[in-house]
2 protein chains.
Amino acid sequence: MNTYTEENYLKAIFKYGNKSKEGVSTNVIADELNTKASSVTDMIKKLSDKKLVIYKKYHGVTLTEKGRKVATSVIRKHRLWEVFLVDKLDFKWDEVHDIAEQLEHIQSDSLVERLDAFLEHPEYDPHGDPIPDKNGNLQHHVDIRLSDLIKGESGVIVGVKEHSTSYLKYLESINLVLGSSIQINEIVEFDQSMSILINNKENTNISNQASKNLIIKKL
Amino acid sequence: MNTYTEENYLKAIFKYGNKSKEGVSTNVIADELNTKASSVTDMIKKLSDKKLVIYKKYHGVTLTEKGRKVATSVIRKHRLWEVFLVDKLDFKWDEVHDIAEQLEHIQSDSLVERLDAFLEHPEYDPHGDPIPDKNGNLQHHVDIRLSDLIKGESGVIVGVKEHSTSYLKYLESINLVLGSSIQINEIVEFDQSMSILINNKENTNISNQASKNLIIKKL
DNA sequence: ATATAAATTTAGGCTTATCTAAAAATAGTA
DNA sequence: TACTATTTTTAGATAAGCCTAAATTTATAT
Ligand SMILES: [Mn+2]
Ligand SMILES: [Mn+2]
Ligand SMILES: [Mn+2]
Ligand SMILES: [Mn+2]
């Protein structure tokens, strides 16, 4: 149906769409996919011919309903495979993204549904990202970052917004994983770094760059 | 390292190599991959540049050790994924080949090794084909076909040589699966069709075309 | 409002993997 | 051996996805 490359473009457009009502710009897409804006223009025309996106020259691109279906289906597969890799094959959460980038393009509806059942219909992937259902619906966590909390407040980690290996490994090294509890001891006004209590055990300091990428459910 | 397409060429060359000491001809490869001999010639030159095959113009192609490693690694992945699909996701043996054709190209050594462990190091895939180890070694069943047996002999099915859905579905419909026992009641001289006793229960007739694709371990 | 800067598209090319048609080499046969 | 049939390679094209450089459009700032 669609090529590997087309699917990656649709995923990128989905990622940066909905942020505002403006279409997603070619430069943003080029940046996300490590390619050039001119290449993006070419591909967008093709996607537009296939009715997967709406393209207004010089004003960016938005997904059609058809395009959104494809994008969420690829994201569904990506996140289900990540669950498989972590839950069944014992990979760490920082090791699975690149493999899932490949697996997300495997074409087989029955495979996806059977995998979903085998994993017992997970709602979130190993990074706390919601898994779209087969119709492309997905519910997000309320987007509260650790950096939004104030002194004395506490919460539980339900997701991460940054998926780099270095960030994920760092979090794990200080016992911050999905489900870890956090209480704010103090916030340094100068750089917004935080002194926090993790799992009611260890006290640690964490930078603003690190705290703003942690999604929290307040307690 | 190698493209999806290159891997498929290497797999095809592996499949038809070793049959004799002659190289595999471009027409045979073209036929296997549903492409044209001229396309094969082009690709062979590329594989030869990459030292994956030895190519003598007009005399076919053979795998180098390096090429054999790649081919068996792809076959290893194909067969391991087929085991996963059947054993863990409850697919039927006639449903898994096309999905495995895609999964076999996923690149991740640790994924393969973890999958192998998760499946408890299977030796054979759902069609009785041996799974190469990580060094590319694979031991074949002794190649005795049902059609080689004579009246009165009996055996157990350990593999199938034809993987089409129609053939596999047919076998299943008459209770011929891996592990089924067979005894030869009679062989019709005219067309070599056989009257057989399956699992010491049902008597059936089976054509030569069907019996010559069943690999048997004699009892 | 006009000039400059920034973003975007177009033009022209490249590579990979295909194809068809023609040429060349090999194999089979009288 | 010589002629024909078959197989294989070469020549020349095409489509997808990418690139750089140039042209065009939009945004920003006097
Ligand atoms: Mn991921
Ligand atoms: Mn994820
Ligand atoms: Mn198969
Ligand atoms: Mn198989």
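Heavy-atom basis, side chains included; hydrogens, waters and symmetry copies ignored. As the structure is a prediction and not an experimental result, all values here were calculated from the model. A, B, ... follow the sequence lines: proteins, then strands. Residue 1 opens every chain.
Using a 30° and 60° split on the angle between ring planes, B:Phe118 and B:Phe84 fall in the tilted class, from 30° to 60°.
Set against D:dT26, C:dT9, D:dT9, the side chain of A:Ser38 has C:dT9 as its closest nucleotide. In this structure, of D:dT10, D:dT26, C:dT26, it is D:dT26 that holds the atom nearest to the side chain of A:Tyr58. In the set C:dT20, D:dT7, D:dT9, the nucleotide with an atom closest to the side chain of B:Lys36 is C:dT20.
Nucleic acid contact class of B:Tyr55 (heavy atoms, under 4.0 Å, all strands): sugar-phosphate only. At a threshold of 4.0 angstrom between heavy atoms, the contacts of B:Thr26 are confined to the sugar-phosphate backbone, with no base atom among them. Looking at heavy-atom distances under 4.0 Å, A:Lys56 makes no contact with the nucleic acid at all. Using a 4.0 Å heavy-atom cutoff across all strands shown, A:Thr35 reaches sugar-phosphate atoms only and no base atom.
The side chain of A:Lys45 places an N or O atom within less than 4.0 Å of a non-bridging phosphate oxygen (OP1 or OP2) of C:dT10. Of the side-chain N and O atoms in A:Ser39, none sit less than 4.0 angstrom from OP1 or OP2 of D:dC18.
Comment: B:Asp116 does not engage B:Arg114 in a salt bridge, judged by the lack of any side-chain N to carboxylate O separation of less than 4.0 angstrom.
Residues forming a side chain to side chain contact (heavy atoms under 4.5 Å, CB included) with A:Asp49 (at least two apart in sequence, or on another chain): none.
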Between the protein and nucleotides 13-16 of chain D, which nitrogen or oxygen pairs are less than 3.5 angstrom apart?
none

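When rounded to the nearest whole Å, the span between NE2 of A:His59 and C1' of D:dA27 equals 10 Å. Distance, A:Ile44 CD1 to D:dC18 P: 12 Å, rounded to whole Å. In this structure, the CG atom of A:Asp31 is 11 Å from the P atom of C:dA7, given to the nearest Å. Atoms CG (B:Asn27) and P (C:dA27) sit 14 Å apart, rounded to a whole Å. Across the protein-nucleic acid pair, A:Lys57 atom NZ and D:dT26 atom C1' stand 14 Å apart, rounded to whole Å. Atom CG in B:Asn8 sits roughly 14 Å away from atom C1' in C:dT18 (whole-Å rounding). Here the C1' atom of nucleotide C:dC19 and the CG atom of B:Leu33 are 15 Å apart, to the nearest Å.
Toward the 5′ end of DNA chain D lies the nearest nucleotide of B:Gly60, the other residue of the pair B:Gly60 and A:Tyr4 mapping further downstream.
Sorted by first and then second residue, the salt bridge (Lys or Arg N to Asp or Glu O under 4.0 Å) pairs involving residues 84-107 of chain B (not counting sequence neighbours) are B:Lys11-B:Glu101, B:Lys11-B:Glu104, B:Asp94-B:Lys169.
The nearest pair of heavy atoms linking B:Leu178 to B:Pro126 is CD1-O, 3.5 Å. Considering all non-hydrogen atoms of both residues, B:Lys36 and B:Ala30 come closest at C-CB, 3.6 Å. The two atoms that bring A:Ala210 and A:Tyr167 nearest to each other are O-OH, 2.7 Å, heavy atoms only.
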